[in-house]
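Everything below concerns the one structure shown next.
Note on naming: letters A, B, ... go to the chains in the order of the sequence lines (proteins, then strands), and numbering restarts at 1 for each one. As a basis for the values below, the full set of heavy atoms in this structure was taken, side chains included, without hydrogen atoms, waters or symmetry mates.
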There are 2 protein chains.
Amino acid sequence: MNSFNLDAIDRKILRILQDRGDISHAAIAEAVGASPASCWRRIKALETAGVLVKTVSLVDPDLVGRGLNVFCQVRMKSHDPLARRNFERFVESHEEVLECYSMSGDWDYLLRVLVADVADYERLLMRGILTHEAVANSSSHFALKSVKYSTAVPV
Amino acid sequence: MNSFNLDAIDRKILRILQDRGDISHAAIAEAVGASPASCWRRIKALETAGVLVKTVSLVDPDLVGRGLNVFCQVRMKSHDPLARRNFERFVESHEEVLECYSMSGDWDYLLRVLVADVADYERLLMRGILTHEAVANSSSHFALKSVKYSTAVPV
DNA sequence: TGTGAAAATCCTCACGT
DNA sequence: ACGTGAGGATTTTCACA
């Protein structure tokens, strides 16, 4: 059990912060019914514990011409740890790959890739993923629409 | 073409803001080589245009006991728009479902669900997704590890 | 943990270029 | 459209109760 011990107020704070990262401690204090100083101390503790990782601004992909979500299932040639690390570094270095999970089941990895259009994706697939030495094959699935996208972990 | 027209400085600003949403305009100004006022005007324009959606704090799922990512492919009974909307409302109202995409191919929807453990997921699946009137069947895939998770849209 | 206050920072805008 | 400058509000931060 290496999870931070949250009480009710911590949870409230996290819920608020996950919805709006830019908000004054005073406003949080009022919302959770505590003093600003108390909130400040709690937030600082949550930060140093690593519960609060960072605060980021969210950009609308469509409005910057990155409207296409593609999910790519990848199967590796071997399960050799070196090859895996190699592939994971590849993933890490490509900003189009927003998410990557090591999976159970038929496929080794699942990637969420965000690109401008199909041609854009084709480029990444042919010149990146499929040509990677550790990759055996892959299967791509295109999102027609993003129904929901949330960054808020339930607490 | 309904995408915002970004110049080089806008892109720099977005890159910075997507990495750190809490940062002063002055610091941004210095980083991009412009005046704070100019940055402020640009950011405001990006906000009103909807490019900058919101700023949020990110929480480490593991540290709050929500360490299990599950991907759930869902097939609908019919493609009746009403049933779809109904299901999408269901998705929207469940905070464990962080992402949901309408998909091309064999499955109608792909969901990313964040839960505490398998038992937790079983509950959602049996008492939520599978029992939903619009859902025909589903297939679940478990993430063994989160290799990469980024919220930054490439700009 | 809460109150209070001090100091620093930051946002915001008017003006001139 | 950009930069300078400055007012004023807001916020962080901490000492003390």
Side-chain angles (χ1 to χ4, degrees), chain A residues 1-66 116 151-155, chain B residues 1-60 63-65 151-155:
Chain A
M1 179 79 83
N2 51 0
S3 70
F4 195 90
N5 212 325
L6 304 166
D7 68 5
I9 295 182
D10 286 329
R11 291 177 201 279
K12 277 189 189 175
I13 291 176
L14 289 180
R15 272 196 287 269
I16 293 172
L17 249 26
Q18 285 191 107
D19 184 51
R20 300 187 41 195
D22 53 352
I23 187 174
S24 69
H25 294 165
I28 296 174
E30 195 190 11
V32 306
S35 75
S38 175
C39 286
W40 177 74
R41 279 189 284 257
R42 284 169 180 272
I43 291 170
K44 217 165 152 54
L46 290 166
E47 280 169 353
T48 56
V51 175
L52 280 168
V53 181
K54 63 179 343 191
T55 123
V56 299
S57 292
L58 265 28
V59 166
D60 186 325
D62 291 316
L63 293 183
V64 295
R66 286 281 179 142
T151 57
V153 175
V155 289
Chain B
M1 178 81 84
N2 53 358
S3 71
F4 195 89
N5 212 324
L6 304 166
D7 68 6
I9 295 183
D10 286 328
R11 290 177 202 279
K12 278 189 190 173
I13 291 176
L14 288 181
R15 274 196 286 269
I16 293 172
L17 250 26
Q18 286 192 108
D19 184 51
R20 300 187 39 194
D22 53 351
I23 187 175
S24 69
H25 294 164
I28 296 175
E30 195 190 11
V32 306
S35 76
S38 175
C39 287
W40 177 74
R41 278 189 286 258
R42 285 169 180 272
I43 291 170
K44 214 163 155 50
L46 290 165
E47 280 169 352
T48 56
V51 175
L52 281 168
V53 181
K54 63 180 342 191
T55 124
V56 298
S57 291
L58 265 30
V59 166
D60 185 326
L63 293 183
V64 295
T151 57
V153 175
V155 288

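The distance from atom CG of B:Asp22 to atom P of C:dC10 is 11 Å, rounded to the nearest whole Å. Between B:Asp7 atom CG and D:dA1 atom P the separation is 10 Å, expressed in whole Å. When rounded to the nearest whole Å, the span between CZ of B:Arg42 and C1' of C:dC11 equals 18 Å.
The shortest non-hydrogen separation linking A:Gly50 to B:Asp60 is O-CB, 3.5 Å. Scanning all heavy atoms of the two residues, the minimum distance from B:Ala45 to B:Phe4 falls at O-CE1, 4.1 Å. Shortest non-hydrogen contact noted between B:Pro36 and B:Ala29 is N-CB, 3.4 Å.
Between the side chain of B:Arg15 and the backbone N or O of B:Val155 there is at least one donor-acceptor pair closer than 3.5 Å. For B:Arg20 (side chain) and A:Lys54 (main-chain N/O), no donor-acceptor pair under 3.5 Å exists by modelled atom type.
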- With the sugar-phosphate defined as primed atoms, P, OP1 and OP2, and the base as all remaining atoms, what B/S/- string results for nucleotides 3-17 of chain D, 5' to 3', for protein heavy atoms under 4.0 Å? BB------SSSB---
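B:Asp7 CG: more than 12 foreign heavy atoms inside a 6.0 Å radius. Within 6.0 Å of CD in B:Glu47 there are more than 12 heavy atoms belonging to other residues, nucleotides or ligands.
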- Would you write out the dot-bracket form of DNA chain D, 5' to 3', with Watson-Crick and G-U pairs under 3.5 Å, [ ] for crossing pairs, | for pairs to other strands and . for unpaired bases? ||||||.||||||||||
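Taking CD1 of B:Ile28 as the start and CG of B:Leu17 as the end, the distance is 4.5 Å to the nearest 0.5 Å.
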